[in-house]
Amino acid sequence: ATPKAAPKPARKAKKARKRAAKKAAKPPKPVDRRRHQSRDQPESLRLRSAGPSFTVNDLQKSLAFYRDVLGFTPRERWEEDGALQGIELVAGSVIFWLGQDDWKKGRDRVKGQGFRMYCSTAQDIDALAARVKAAGGTIVDGPKDEPWGGRAFAVRDDDGFVITLANGG
């Protein structure tokens, strides 16, 4: 003889009890406090990306450094009377801009002093540092393990701008 199936309402109740028991056995999901905090008023600034623009003494020399030593890819160029005045450079999702100094603030103006740009990468820091050094770059710090858990090195361009490349952490 074939067993009789339980009436539909009884099966539904049994399934509902199983679901409730299973749900009760699971630990509660952590609350994402960021989603529940109210924003500062007036609302604070929230950025999605940033890109530095460097005013340089010799645009062609700086372009060679960022392209050939660091590995940036040139994109858009700005010319005036056939002379290169600025260029957009890309590395991954990061954009840098270089602009030729117009010397309106004097030719003895110091650049790069007190400036450091931190860039993160998933690439091997030691291999990058070796490539930069082999291409003629001036490494001013590292590569070394950092207290925050990453590994980094810093390189200085001809105008004194320091770029730190780091991974991990």
Side-chain angles (χ1 to χ4, degrees), residues 30-169:
V31 175
D32 183 355
R33 302 237 181 265
R34 293 173 300 174
R35 296 182 75 196
H36 299 289
Q37 289 178 338
S38 61
R39 298 236 184 251
D40 290 338
Q41 295 298 324
E43 187 174 305
S44 61
L45 177 65
R46 295 189 322 266
L47 303 176
R48 299 239 179 214
S49 66
S53 176
F54 303 100
T55 300
V56 297
N57 290 330
D58 184 333
L59 185 54
Q60 292 296 341
K61 192 173 182 181
S62 293
L63 171 57
F65 171 81
Y66 285 92
R67 180 191 58 218
D68 303 337
V69 175
L70 288 184
F72 278 80
T73 301
R75 270 218 229 147
E76 194 170 335
R77 301 167 56 95
W78 297 274
E79 295 184 6
E80 190 175 296
D81 298 324
L84 183 63
Q85 295 300 310
I87 191 156
E88 177 185 65
L89 301 168
V90 179
S93 61
V94 173
I95 299 172
F96 280 16
W97 291 274
L98 302 178
Q100 177 60 55
D101 196 335
D102 60 11
W103 308 114
K104 289 180 181 174
K105 294 183 179 178
R107 289 194 175 268
D108 58 349
R109 176 165 65 136
V110 177
K111 296 176 181 66
Q113 194 171 45
F115 177 89
R116 182 180 294 240
M117 172 62 69
Y118 286 85
C119 301
S120 64
T121 181
Q123 293 175 285
D124 181 293
I125 289 298
D126 294 287
L128 280 175
R131 187 183 86 203
V132 166
K133 192 172 182 178
T138 303
I139 301 216
V140 294
D141 191 21
K144 65 180 183 180
D145 292 329
E146 296 292 349
W148 42 265
R151 190 152 175 82
F153 76 95
V155 59
R156 179 178 289 122
D157 77 3
D158 291 327
D159 290 294
F161 295 105
V162 176
I163 312 297
T164 297
L165 301 173
N167 70 10

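Please read these numbers as outputs of a predicted model, since none were measured by experiment.
The shortest non-hydrogen separation linking W148 to A166 is CH2-CB, 3.8 Å. The minimum heavy-atom distance linking G137 with F65 is given by the pair CA-CE1, 4.4 Å. Contact detail for I139 and F153: the closest heavy-atom pair is CD1-CD1, 3.7 Å. Minimum interatomic distance between L165 and I125 (heavy atoms only, all atoms of both residues): O-CD1, 3.6 Å.
Sorted by first then second residue, the side chain to side chain donor-acceptor pair (under 3.5 Å) pairs that include residues 109-119, not counting sequence neighbours, are N57-K111, D101-R109, D101-K111, R116-T164. Among residue pairs with one or both ends in residues 120-138, those qualifying as side chain to side chain donor-acceptor pair (under 3.5 Å) are T121-Q123, D126-R151; sequence neighbours excluded.
Atom CG of residue D58 and atom CG of residue L63 lie 10.0 Å apart, to the nearest 0.5 angstrom. Rounding to the nearest 0.5 angstrom, the gap separating the OH atom in Y66 from the CG atom in L89 is 8.5 Å. If you take CZ on R75 and CZ on R77, they are separated by 15.0 Å, rounding to the nearest 0.5 Å.
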Handout entry: Test log, rule side-chain contact (heavy atoms from CB on, under 4.5 Å), inputs L70 and V155
Key = CA-CA 9 Å; L70 288 184; V155 59; 3.8 Å; yes
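Every residue two or more places apart in sequence or in another chain that forms a side-chain contact (heavy atoms from CB on, under 4.5 Å) with A64 is listed here: R67, D68. Applying the side-chain contact (heavy atoms from CB on, under 4.5 Å) test to K144 and every residue at least two apart in sequence or in another chain returns D141, E146. Residues passing the side-chain contact (heavy atoms from CB on, under 4.5 Å) test with E80 are Q85, sequence neighbours excluded. Scanning for side-chain contact (heavy atoms from CB on, under 4.5 Å) contacts around L59 gives V56, L84, I87, L98, Q100, with sequence neighbours left out.
With D159 contributing its side chain and F161 its backbone, the two residues share no donor-acceptor pair below 3.5 Å.
The shortest side-chain heavy-atom distance between C119 and F96 falls under the 4.5 Å cut-off.
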